**Q** 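Dropping the structure in here first, questions after.
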Amino acid sequence: MPETKDRYSRQERFYGIGSEGQKKLGLARVLILGAGALGSALAETMVRAGVGHVTLIDRDVVEWSNLQRQNLYSEQDAEDQMPKAAAAARRLRSINSSVVVEGIVADVTVDEIGEYTAGVDLILDGSDNFETRMILNDIAVKRGIPWIYGACAGSRGMSLTVVPGTSACLHCLLEELYAEGDSCDTAGIIQPAVQMTAAYQTAEALKWLAGSRDSLRGAMVSFDLWENRQVSVDTARLKRADCPTCGEQPSFPFLSAANHSRTAVLCGRDTVQIRPPKPRKLDLTEWGQRLAAYGQVNHNPYMLSFTVEKYRMALFPDGRVLVHGTADPGEARSLYHRYFG
Amino acid sequence: MEVYVNGKDTVLDAGCETVGDLLSVSPWSGKRVLVELNGTAVRKEEYGLTRLSPGDRIELVHFVGGG
């Protein structure tokens, strides 16, 4: 049993939290979508702070290009091609064994998001695309769960706290799906931009969970660490009565299948993800034997890696495939169909 | 007319009179932004009606997507 007597003493001494706030943190359940740069930083803060239950979901595996900024991962994780959710959970449990940490290796789409958000007090955004964020925004508002948007690229970052029924939601601000936001693919990314964004998100998370709701920021914060600029835009007057998500007659459009795709170009490199229309249950050993005739195969309990020509493909038991070596969804789909049916 | 866009002293072309005009020119055209004029957020339907004046402080916050 870990020594817990002094563990949170400095946090309890802080006027905004206190021992009452600390108790609330211990009873809270937080869901973090994505275990990349932001997700790593968010999860580490929540776990060190003593949030009772932290669930982390990510679809990706650890790569060498992640290590510059994704603070939960080691060279060994990249070498082993560990799924991020599994590597993160292991590391987080070693940081604070009194927190229940759940690492789920999966893609988050409308099919699964209902299940993952059940019973959750707060959702933190560590995702890397607006498709996921709009789905998250819809489900969070529908269920009345607050969520905290965070995004970063280059030396910039932004954050917004969405409290259903009170604040403007992401759909009020964006109106439609937006695919052109700067990403780490186009703008690169420096670690301080990640940490700053995560700091804004987790400060808001602590306020909400510890019951200090009057201290919530109530504005979209945006900064650029290289240009030495920071701005806070009060978004209250941008809340729309006709918003399809949080307005008077909500239809939650991003929870219907027509509004989401089955392929996604992943942030930061030449990789396309493809998901089958329905999750499959694959025996990776059997698939390894089958694919060995066409290229080089390696597998661990979580995924199978298959290399052919200039492409490396990672196959997961649910039928999901990451195609590395292309950013063209069509090319990726053709490889998928060629090798995985 | 001279205004401040994201803290930078900016001289607008003669025809650029509203928030909507400003958002239709490079580098903002086609980008999704939040607009704040002199400390107040501007709604999208107000862009074309919101006239700019010399010395205005305009913040254009371009959404980022990474994480």
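The model shown is predicted, which means the values in this text are computed figures rather than measured ones. A note on names: the letters A, B, ... follow the listed sequences, proteins ahead of strands, and every chain is numbered from 1.
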**Q** Do B:F63 and A:M220 touch side chain to side chain, with heavy atoms closer than 4.5 Å?
**A** yes
**Q** Where does A:Q70 contact chain B at under 4.5 Å (heavy atoms): side chain, backbone, both or neither?
**A** neither
**Q** Which residues, numbered in order, of residues 36-50 of chain B come under 4.5 angstrom of chain A by heavy-atom distance?
**A** B:E36, B:T40, B:A41, B:V42, B:R43, B:K44, B:E45, B:E46
**Q** Tell me which of these, A:G39, A:C172, A:A236, A:S127, has more heavy-atom pairs under 4.5 Å with chain B than the rest.
**A** A:S127
**Q** Between A:S232 and chain B, which part of the residue has a heavy atom less than 4.5 Å away: side chain, backbone, both or neither?
**A** backbone
**Q** So B:K8 and A:R229, do their side chains get closer than 4.5 Å, heavy atoms only?
**A** no
**Q** Residues in salt bridge (charged side-chain N to carboxylate O under 4.0 Å, His left out) with B:D9, at least two apart?
**A** none
**Q** When you measure from the side chain of B:R32 to the backbone of A:L174, do you find a donor-acceptor pair of N or O atoms at a distance under 3.5 Å?
**A** yes
**Q** Counting only heavy atoms closer than 4.5 Å, note whether A:V231 contacts chain B via side chain, backbone, both or neither.
**A** side chain
**Q** Might you point out which heavy atoms bring A:A151 and B:G65 nearest each other, and give the distance in Å?
**A** CB-C, 4.1 Å
**Q** For A:D138, which residues count as a salt bridge (charged side-chain N to carboxylate O under 4.0 Å, His left out) partner, sequence neighbours excluded?
**A** none
**Q** Side chain, backbone, both or neither: which part of A:L170 has a non-hydrogen atom closer than 4.5 Å to chain B?
**A** side chain
**Q** Enumerate by number any residue of residues 10-23 of chain B whose heavy atoms lie under 4.5 Å from heavy atoms of chain A; in the absence of such residues, state 'none'.
**A** none
